[in-house]
Amino acid sequence: MSQADRIITQRRQKLADLRARGVDPFSNRFKPDHTIAQVIEAYGSMSGPELEGLNETFRLAGRIMLVRAFGKAIFCHFQDGSSRLQAYVQRQVLGDEAFKLFKSLDLGDIVGFVGTLFRTRTGELTLSVSEFILLTKSLLPLPEKYHGLTDVERRYRQRYLDLIVNPQVWQVFLQRAAIIRLIRQFLDKRGFLEVETPMMQPIPGGATAKPFETHHNALDMKLYLRIAPELYLKRLIVGGFDRVYEINRNFRNEGLSTLHNPEFTMLEFYQAYATYKDLMELTEELVCQVARELLGTLQITYQGADIDLTPPWRRIDLRQSLTEIGGIPQEVVKDRQALVELAKSEGVVLRPGEGYGRALTKLFDLKVEARLIQPTFVLGYPTETSPLSRKSDDNPEVVDRFELFIAGREMANAFSELNDPIDQRARFEAQLSAHAAGDEEAPHAVDEDFLTALEYGMPPAAGEGIGIDRLVMLLTDSPSIRDVILFPLLRPER
RNA sequence: GGGCCGUUAACUCAGUCGGUAGAGUAUCUGCCUUUUAAGCAGAGAGUCGUUGGUUCGAAUCCAACACGGCCCA
């Protein structure tokens, strides 16, 4: 018999023995009156004599993580969802039978304890146990007590195990929740209304990406998981909600990487009577407020790089960045033909209908993006690659748009919204021909209802999307998007 | 899709020139009432990712495949 089978057999035997003795191995008759963190918070600084003078019993519950057993006494550490505490169990106190039962418990079992607080010889706050009750028998052995679980694949596949044995992982997800909470507070305070718009859409719009397809049986219709909420949020701006936001999942049927998960969380918000310039300031304030509240500083370190979030952030024109940062001579950047040739020589594949604009943004991805470590707004995006953005009043070839880069990656994308329905229709139709020419990322149909909404009149507005997962990566110094998503997509095991 | 790396006991990892499997933790047994990855003594525990190939002999060399990681597209 393999060791694994043997351990499972032993534990199942213990389970049967417990039942035979009338002990419920999955009892739910114990209510803790404190969390461990509450106990540490309230009593962690008291001296031994002060603790013993308390004359108070505590009811605590948690999973047994470490055991140091002697002949007639046992020390163990147990943890709940807040922290970890030592318990001291003595035969003299519990009696022979209960002590023997406790000795038969395994690492991983969940137990309720009743006891008083004291300090051990080494000064550790400890619960002196007068009673205990088994709450859940664990049938599988935990990973090693010291190294925890390091196998990256298992950590992602069995996140519950990762969380049990690697408490530092909690921190990231607690911080993730805090970041989202802080963003909500920030936006709520500024009069933004949180809304929920369809995740299943008949025409996937608002971005260029390959969508997931699904099917609704009763209506016998094809639906797509949304690639962005944009077109629905703008309908709400038409409807009169002047400030709206949504924090929710988008789905893109693309590859996986340390920066990409097929479902990811996006904040999108829209503000009537604002421009993309207003949103630059708002973005600075938002990110800085979150960083200050979360970390207490604007000087952060990401994977060894020092990043200073202090505003104002650098603003640079796309073309200028190609020259100043990407090292492409100004004459080449200005020369449409020469730039397209350069892009091709760098391996960029231009599809029918794509030209100078696409070459600009692709060369930016190749030559500039990774080098924008400090927060930088990039401006002057080509109209060709920005089908939902308002054209610049000064130059119709570029749009009123920025992207924000921090730590060499895109963190946000924002623009003044195109609210001219005639222009919008023309741009949709250009996308349609791109789709017909084989571009799977372009929408397959014109969203007529969205155009109808625009025809009723959408007030001038600006909108922005911020990738929450990437923001969380930045603020928690996490190298992979899988470290900030509880259950990242993995290929099934065979 | 391409390149590189990884996959050995339940966990964390060794394994030299190709000679037939090791440690620590965990588990089980015994001793032990202030331990801190407790200690001491003993025992059991393996489809070396899978499939083929080379060889007298493969965890080790070769190939394909699977899953994962990093980088690139």
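These figures come from a predicted structure and were not determined experimentally. Below, chain A is the first sequence line, B the second, and so on; all start at residue 1.
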Which of U36(B), G69(B), C28(B) is nearest the side chain of Glu124(A)? It is U36(B)
- Item | Distance, C1' atom - from A59(B) to U16(B), rounded to whole angstrom | 14 Å
Hey, does the side chain of Lys145(A) come within less than 4.0 Å of A26(B)'s phosphate (OP1/OP2), counting only N and O? yes
Closest to the side chain of Arg491(A), out of U33(B), C67(B), U27(B), is C67(B)
**Request:** Compute whether any side-chain donor of one residue and acceptor of the other, for Gln171(A) and Arg176(A), lie under 3.5 angstrom apart.
**Result:** no
Item to complete: Could you give the distance separating U47(B) and A9(B) at their P atoms, to the nearest angstrom?
Response: 8 Å
- Base, sugar-phosphate, or nothing: which does Ile8(A) touch, judged by heavy atoms less than 4.0 Å apart? nothing
Atom CG of Asp5(A) and atom P of U27(B) are separated, to the nearest Å, by 17 Å
Using the C1' atom in both, what is the distance from A14(B) to U7(B), to the nearest Å? 15 Å
message: Work out how far the P atom of A45(B) is from that of C61(B), and round it to whole angstrom.
response: 29 Å
Open item on the list: For a quick check, tell me whether the side chain of Thr120(A) and the base of U35(B) share a donor-acceptor pair closer than 3.5 Å.
Closed with: yes
note: Leu105(A), atom CG; A26(B), atom P; distance rounded to Å ~ 16 Å
query: When we call it a touch if two heavy atoms are under 4.0 Å apart, what does Ile74(A) touch: a base, just sugar-phosphate, or nothing?
result: nothing
The glycosidic conformation of C31(B), counting syn as within 90° of 0 and anti otherwise, is anti
note: Asp151(A), atom CG; U7(B), atom P; distance rounded to Å ~ 11 Å
When rounded to whole Å, the CD to C1' distance for the pair Gln158(A) and G68(B) reads 14 Å
*Between the side chains of Thr323(A) and Gln320(A), does any donor sit under 3.5 Å from an acceptor?*
no
Whether Asp109(A) and Lys137(A) form a salt bridge (side-chain N of Lys/Arg under 4.0 Å from carboxylate O of Asp/Glu) is what I want to check. yes
Residue pair Pro143(A)/Leu489(A) against RNA chain B: nearer the 5' end by closest nucleotide is Pro143(A)
Minimal heavy-atom distance between Val399(A) and Pro382(A), with the atoms involved, is CG2-O, 4.3 Å
Regarding Leu140(A), tell me which of base, sugar-phosphate or nothing describes its non-hydrogen contacts under 4.0 Å with the strands shown. nothing
Every protein N/O lying under 3.5 Å from an N/O of nucleotides 70-73 of chain B:
unit_1 : atom_1 : unit_2    : atom_2 : d
C70(B) : OP2    : Arg482(A) : NH1    : 3.4

Where RNA chain B forms runs of at least three Watson-Crick or G-U pairs (i with j, i+1 with j-1, under 3.5 Å), the stems are B:1-7 with B:66-72, B:10-13 with B:22-25, B:27-31 with B:39-43, B:49-53 with B:61-65
In whole angstroms, the gap separating P of A45(B) from CD of Glu144(A) amounts to 21 Å
Donor + acceptor pair across side chains of Gln158(A), Asp162(A) (<3.5 Å): no
Item to check | Pair Glu384(A) + Arg427(A), salt bridge at N-O below 4.0 Å | outcome: no
For the residue pair Leu117(A) and Met46(A), establish whether any side-chain heavy-atom pair is separated by less than 4.5 Å.
-> no
| said: Can you tell me if Thr150(A) touches the phosphate of U12(B), counting only side-chain N or O atoms and a distance under 4.0 Å to OP1 or OP2? | reply: yes
**OP:** Quote, to the nearest angstrom, the C1' distance that separates U54(B) from C62(B).
**Re:** 7 Å
Rounded to whole Å, the CG-P distance (Leu139(A) to U27(B)) equals 15 Å
| query | Just checking Gly148(A): base, sugar-phosphate only, or nothing, at a heavy-atom cut-off of under 4.0 Å? | reply | sugar-phosphate
Taken to the nearest whole Å, OH/Tyr146(A) to C1'/A23(B) is 16 Å
Classify the nucleic acid contact of Phe118(A) as base, sugar-phosphate or nothing, counting any heavy atom under 4.0 Å across all strands shown.
base
Report yes if at least one side-chain N or O of Arg6(A) is closer than 4.0 Å to OP1 or OP2 of U27(B); otherwise report no. no
Report yes or no: is there a donor-acceptor pair, N or O only, under 3.5 Å between the side chain of Thr126(A) and the base of U34(B)?
-> no
With the side chain defined as heavy atoms from C-beta on, Arg121(A) is closest, among U33(B), U25(B), U35(B), to U35(B)
Exercise. Would the Tyr224(A) and His215(A) ring centres measure less than 6.0 Å apart?
Worked result: no
- Task: Check whether any side-chain N or O of Lys14(A) sits under 4.0 Å from OP1 or OP2 of U27(B), and answer yes or no.
- Result: no
RNA chain B nearest-nucleotide lookup for Leu66(A) and Pro141(A): closer to the 5′ end is Pro141(A)
Inset, instruction - Answer with base, sugar-phosphate or nothing: what part of the nucleic acid does Arg157(A) contact at a heavy-atom distance below 4.0 Å? - result: sugar-phosphate
- Task: Could you measure between the two C1' atoms, the one in G6(B) and the one in C65(B), and give it in whole Å?
- Result: 16 Å
- Do Tyr88(A) and Phe75(A) have ring centres separated by under 6.0 Å? yes
Arg401(A) meets the salt bridge (Lys or Arg N to Asp or Glu O under 4.0 Å) criterion, sequence neighbours left out, with Glu403(A)
Fill in: Contact under 4.0 Å: Arg68(A) side-chain N or O vs A38(B) OP1/OP2
yes
Checklist entry - With a non-hydrogen cut-off below 4.0 angstrom, is Arg154(A) in contact with a base, only sugar-phosphate, or nothing? => result sugar-phosphate
If stacking means aromatic ring centre less than 5.5 angstrom from the base's six-membered ring centre, planes under 30°, is Phe75(A) stacked on U35(B)? yes
- Query: Hey, does Gln90(A) reach any base, or is it just sugar-phosphate, or nothing, if we go heavy atoms under 4.0 Å?
  - Reply: base
* Gap in Å between the two C1' atoms, one belonging to G68(B) and one to G49(B), rounded -> 11 Å
Q) For the residue pair Phe30(A) and Phe132(A), is the inter-centroid distance of their aromatic rings smaller than 6.0 Å? A) no
From the candidates U27(B), U35(B), G69(B), the one with an atom nearest any side-chain atom of Phe70(A) is U35(B)
Checking Phe118(A), Phe113(A), Tyr43(A) against Phe58(A) for ring pair (Phe, Tyr, Trp, His ring centres under 6.0 Å), the one that qualifies is Tyr43(A)
- Any chance the side chains of Arg68(A) and His77(A) put a donor and an acceptor closer than 3.5 Å? yes
Taken to the nearest whole Å, OH/Tyr88(A) to C1'/U35(B) is 9 Å
Regarding U35(B), can its base be found pairing with the side chain of Gln86(A) as donor and acceptor, where the two atoms are less than 3.5 Å apart?
yes
Worksheet entry | P gap between U51(B) and A66(B), integer Å | 15 Å
